[in-house]
Amino acid sequence: MPTTGTTTGTTTETTTEPGTDTDTDTDTDTGPAPVCGDSNIDAGEECDNGANNGDSAACTSECKENVCGDGKVGPGEGCDEGPDNGGETCKDDCSVPSCGDGNVDLNEQCDDANEEDADECTNLCTAATCGDGFSQEVNMEECDDGAANGDNAMCTPECKANVCGDGFAWIDGGEECDTGKDNGPGTSCLENCVLNVCGDGDKGPGETCDDGNTMADDGCSATCMLEGCGDGEPDDGEECDDGLNGDQDDGCTDLCQAPKCGDGFEQASLTEQCDLGAMNSNTGACTLECKDAKCGDGFIQENVEQCDDGAGNGDDKACLSLCVTAVCGDGKVQVGVEQCDDGNVNNQDGCTNVCKLASCGDGFMQAGEQCDDGNMESTDACTNACKTATCGDGFTQQGVEECDDGNANPNDGCTPMCKANKCGDGILNVGVEQCEDGNAANGDGCSSTCQFEEPNEKVTKGALGLAIPDNTYNGTIASMACTTLVVNGGGNGMVKDATLRIGITHTFVGDLGIKVVNPANQVVTLMLSPGTNETADDGGSYIGDSANLDAAFPLFFRDAGVTDAETMGDTSTNTDLVICKDDFRCDYKPNPGKGPGPNLAAFAGSMGAGNWQVCVGDNYVGDLGTLQSAELTVVFNP
């Protein structure tokens, strides 16, 4: 028999039992489409509890099973932040972080998942600290009464048991005081934390004595003050006692004695002029008779008088009227003893203070002499011309100088510092050494004789007398005085390095600029208006250092030079200073300022053979000079 089933809506389905071949299915949809919340689980829905659906229910408002991680707090969940679960406010399993869960969450200092307060983390998830009310051995606490901790408490603010000597006065515990390590004899608090008081036998602060009692008239008063002079009562050994009233000439001094010379108080009643007490002396400022010491009293006052014969003093005597012993320099020539006596102790006039006629070598420095050591030896600190030995005086001072050729030329084997110039000393002997690398080793580019190890060529021009045009420099080579040096070449023809030795006579070095031009017209500026910060290489009126140049003291330029060219002459406070000659600064490394550069290494890799130019320009009016010499050394790659 057919079974007919009817469902909500307008769909009718008829099914024939097996054995029949008739199947009739008629579908007619005349109602609304299925929706979430109709209590039917339709296609695409995981659940549908009808009116019980909700974001906090087992089936969400979207007909999805409410699960941890969907962002909706469902049954059994304490929180749900979706993809943000696992953070500080919601765990991966949708439970709310809490103290004791073993995780250090927001606002927790720690979380050890136990309820023990005596370990490093309390059951409130705070780090164990002194004052939290829990005694933690891990913090070496002996006690912890929380807010009850205190100076005057059983447990100190440091969570230590309050004991005598810890610096905390536990008054309620029987201590009278406690100054810690300062407890002890002579202090306000004794070793057993008892106050130091008068009569305890220990002389404390403010006490001048403490004899263990508070009795008077036993040498220590009832207030622990020494009894004696000044207490108003004459005691044994006192002649009087007026209570130390401060009047030393009223018949009783503050020493409780009758006034007398030597008591240290000047008393008019005794016609005393002075009284220094125990310091009274016939050799001092106050004599034993309490009189002011003076010349003619017959007593020699130490550090004041040389002699004092009393009435026997006189300008014709052994002791002069001013109590000075008659000696050379008193203006009286002693025949047979003194050569002269001009009455002074000036060794710089014609008569020395040993009454000898002045001369070099007499041991006294006179006018025109810088020194006088009493001998005619020129190799010590004072020459036989009575001049102070200095580097450059032509005399080699023993133990001080290695050499002294009498000049400041740094290029003649003896440096301006009077050191023998030798290869490897780090000081370039200009004109002798081509290079100086501070050692005497070979194979490093500078040989053991301080010559370039690579092929090199030196071209020199001297006695040029080439006038430097005044105030014409405008930044171009054409505005400069130039000399041409022809280089033949060497090695593989390519430049590795270059140096320049140049002699210029000119006042006011700050006006000048120096440039080198290679055969390919590449320009390197070695110096430009030293002492000023020019804004451009345009020949503007830049006023630099005022020192001068002298061609007899040429400048040497190399990239390893000792002195920056921009500082040339900057030590000068004297416009007459000659660079190299007077300041011994001859070895310079280029500083192009605003000019092309940066140094001689810029020529490296260029072809060296051909015409090189050395040029000098003047950018300010009023100071003239000449280019006198140029020595160019070009080093080639092998």
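These numbers come from a predicted model, not from an experiment.
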Cys pair [X]/[Y]: SG distance under 2.5 Å?
X      : Y      : result
Cys403 : Cys418 : no
Cys450 : Cys435 : no
Cys340 : Cys355 : no

query = Are Asp404 and Lys419 within salt-bridge range, i.e. N to O under 4.0 Å?
reply =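 Looking at Asp404 and Lys419, the cut-off is not met.
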Pair Asp341 + Lys356, salt bridge at N-O below 4.0 Å =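 Between Lys356 and Asp341 there is no salt bridge, as every charged N stays at least 4.0 Å from the carboxylate O atoms.
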Spell out, as yes or no, whether a donor-acceptor pair under 3.5 Å connects the side chain of [X] to the backbone of [Y].
X      : Y      : value
Asn518 : Asn521 : yes
Asp582 : Val578 : yes
Asp511 : Gly544 : no
Glu453 : Gly445 : yes
Thr525 : Met527 : no
Asp559 : Ala601 : yes

Exercise: do [X] and [Y] side chains pair donor with acceptor under 3.5 Å:
X      : Y      : answer
Asp537 : Tyr473 : yes
Asn492 : Asn637 : no
Thr283 : Ser281 : yes
Thr626 : Gln628 : yes
Thr633 : Asn456 : no
Ser321 : Asp315 : yes
Glu377 : Thr379 : yes

message = Using 30° and 60° as the class boundaries, would you call the ring planes of Tyr588 and Phe557 parallel, tilted or perpendicular?
response =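 Tilted: the ring planes of Tyr588 and Phe557 meet at 30° to 60°.
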inquiry  = Run the salt bridge (Lys or Arg N to Asp or Glu O under 4.0 Å) test against Asp587 and tell me which residues pass, sequence neighbours left out.
reply    =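 By the salt bridge (Lys or Arg N to Asp or Glu O under 4.0 Å) rule, Asp587 matches Arg558.
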query = From Leu526 CG over to Leu528 CG, what is the distance, rounded to the nearest 0.5 angstrom?
reply =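 Answer rounded to 0.5 Å: 10.5 Å.
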request  = With rounding to the nearest 0.5 Å, note down the distance linking CD in Gln366 to SG in Cys351.
outcome  =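 Output value for this atom pair is 10.0 Å.
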